[in-house]
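Note that the coordinates shown come from a computational prediction; the quantities given were computed from them, not determined experimentally.
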Amino acid sequence: MLPVDTLVTIGLSVVSLGTINETDGCQEHVFRISNAGTETVMLRQAYTSCGCVRLKLPSCNTIEPGDTVNAVLSFDPSGKGGEFYERGSIVYGTSRKRIDLVMTGYCVTSEETLLRQYPIRVNECLRLSADRFDLGLMTRGETKTRNIVILHRDEDNRTELVTVAVTAEDTWPKGTHHVKKQIKTYYKNQLITIDIQFDLKII
């Protein structure tokens, strides 16, 4: 037996949009929400997983027993790329239960966004998300890591994640340091190295 204040989704609560293009514009899906309980349910709050997502609820913030309303979830792919899993959540009832509505898929990034995401050009086919990092204040013996993403334009825009660790050596004096590191990747079956710089201050 269902509790007195229960909302259910009629149909799918997770919808796949398949492959979309960033230039396709805002994507919307209408979810049907029904009050399967025996008492009036109040919709208390709505929130989303990202600023690129909007969740529109009916103007009336209550649902009577047996009634069904529409909730519209929209996703703006501008500036996005790759796989996405975006959620809208509705908090309802006296016990503040939650129902999640989800859109998933794969977004093909526009050329302009791709160049913004990977602004560092290594060669005609390789680009980096960044090649210089500010590690801030560090103490001797402390280690910090940063992730660098390599974009392979010649391999259908494949991305490669490289994690680099920097340890503040015990022998380093106090003050500012510029630490050079190298990352490696394969390009046309050749191993190449790429210089990365980390800025930090020993305190």
Side-chain angles (χ1 to χ4, degrees), residues 2 6-36 41 43-61 63 67-93 96-122 124-131 133 145-164 183 185-187:
L2 291 170
T6 297
L7 295 185
V8 295
T9 306
I10 298 178
L12 298 175
S13 60
V14 179
V15 174
S16 174
L17 299 181
T19 299
I20 64 172
N21 292 296
E22 181 189 352
T23 54
D24 288 343
C26 192
Q27 307 292 306
E28 286 189 352
H29 185 80
V30 179
F31 294 86
R32 300 280 287 164
I33 308 298
S34 179
N35 182 352
V41 171
L43 305 181
R44 297 186 173 275
Q45 182 185 8
Y47 60 92
T48 60
S49 57
C50 173
C52 60
V53 183
R54 296 285 183 270
L55 177 57
K56 183 179 180 181
L57 299 180
S59 56
C60 177
N61 64 351
I63 308 177
D67 282 355
T68 300
V69 299
N70 291 338
V72 181
L73 192 66
S74 59
F75 165 61
D76 184 355
S78 300
K80 301 290 182 179
E83 293 181 358
F84 61 88
Y85 182 96
E86 301 299 348
R87 183 184 71 250
S89 299
I90 303 171
V91 179
Y92 68 93
R96 294 187 174 273
K97 297 177 183 176
R98 189 182 82 184
I99 188 170
D100 291 332
L101 310 173
V102 177
M103 290 195 302
T104 68
Y106 185 89
C107 181
V108 178
T109 311
S110 70
E111 185 70 12
E112 180 182 353
T113 296
L114 201 63
L115 296 181
R116 274 202 316 269
Q117 292 173 334
Y118 303 95
I120 309 302
R121 183 182 186 276
V122 178
E124 67 274 13
C125 292
L126 295 180
R127 301 183 73 91
L128 300 180
S129 56
D131 64 351
F133 296 85
T145 61
R146 290 295 183 269
N147 291 325
I148 303 161
V149 182
I150 305 173
L151 178 70
H152 294 260
R153 300 298 310 267
D154 59 331
E155 297 180 30
D156 199 24
N157 290 330
R158 176 177 70 87
T159 56
E160 176 185 359
L161 179 66
V162 180
T163 302
V164 180
I183 60 174
T185 190
Y186 281 92
Y187 170 63

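In this structure, I183 and L128 approach most closely via the heavy-atom pair CD1-CD2, 4.4 Å. What you find for S49 and E86 is that their closest heavy atoms are OG-OE1, 2.8 Å. The two residues P119 and R127 have their closest heavy-atom pair at O-NH2, 3.4 Å. When all heavy atoms are compared, the tightest approach of L55 to Y47 is CD2-O, 4.4 Å. Taking all atoms of both residues into account, the shortest heavy-atom contact from L57 to A71 is CD2-CB, 4.0 Å. Of all heavy-atom pairs between D154 and Y187, the closest is OD2-CE1, 3.6 Å.
No side-chain heavy atom of V102 sits under 4.5 Å from any side-chain heavy atom of V15. Looking only at side-chain heavy atoms (C-beta outward), L101 and I33 come within less than 4.5 Å of each other. By the 4.5 Å heavy-atom criterion applied to side chains, V164 and T145 are not counted as neighbours. Side-chain contact between Q27 and I20: present, with at least one pair of heavy atoms (C-beta onward) separated by less than 4.5 Å. Residues T6 and V8 meet the side-chain proximity criterion, which asks for heavy atoms closer than 4.5 Å. Residues Y85 and E83 fail the side-chain proximity criterion, which asks for heavy atoms closer than 4.5 Å. Side-chain contact between D100 and R98: present, with at least one pair of heavy atoms (C-beta onward) separated by less than 4.5 Å.
Side chains of E160 and T185: a donor on one and an acceptor on the other come within 3.5 Å. Between the side chains of T109 and E22, no donor N or O sits under 3.5 Å from an acceptor N or O. A side-chain N or O of D76 and one of S78 form a donor-acceptor pair less than 3.5 Å apart. R87 and S89 share a side-chain donor-acceptor pair at under 3.5 Å.
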Worked check of salt bridge (Lys or Arg N to Asp or Glu O under 4.0 Å) between R153 and E111: CA-CA 11 Å; R153 300 298 310 267; E111 185 70 12; 2.9 Å; yes

I148 and F133: CA distance, side-chain angles, deciding distance, side-chain contact (heavy atoms from CB on, under 4.5 Å) verdict: CA-CA 10 Å; I148 303 161; F133 296 85; 3.5 Å; yes

Worked verdict on K80 versus F75 for side-chain contact (heavy atoms from CB on, under 4.5 Å): CA-CA 10 Å; K80 301 290 182 179; F75 165 61; 4.2 Å; yes

Steps toward side-chain contact (heavy atoms from CB on, under 4.5 Å) verdict (H152, L126): CA-CA 5 Å; H152 294 260; L126 295 180; 3.3 Å; yes

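The line from SG of C125 to CD of E155 is 9.0 Å long, rounded to the nearest 0.5 Å. In this structure, CG in L17 is found 6.5 Å from OG1 in T104, a value given to the nearest 0.5 Å. Here CD of Q117 is found 9.0 Å from CG of L151. Values are rounded to the nearest 0.5 Å. Considering OG1 of T163 and CG of N147, their distance stands at 4.0 Å, rounded to 0.5 Å. Taken from CD1 in I120 to CD1 in I150, the straight-line distance is 12.5 Å, to the nearest 0.5 Å.
Side-chain atoms of S129 come within 3.5 Å of backbone atoms of V149 as a donor-acceptor pair (strictly under, hydrogens ignored). In this structure, the side chain of R32 does not engage the main chain of N70 through any donor-acceptor pair within 3.5 Å. The backbone N or O of G93 lies less than 3.5 Å from a partner atom in the side chain of R44, making a donor-acceptor pair. Between the Q45 side chain and the L43 main chain, no donor and acceptor come within less than 3.5 Å of each other. A distance-only check finds no donor-acceptor pair linking the side chain of D156 to the backbone of R158 [under 3.5 Å]. Of the possible polar contacts, none joining the T9 side chain to the L12 backbone as a donor-acceptor pair under 3.5 Å is found. With R54 contributing its side chain and G51 its backbone, the two residues share a donor-acceptor pair below 3.5 Å.
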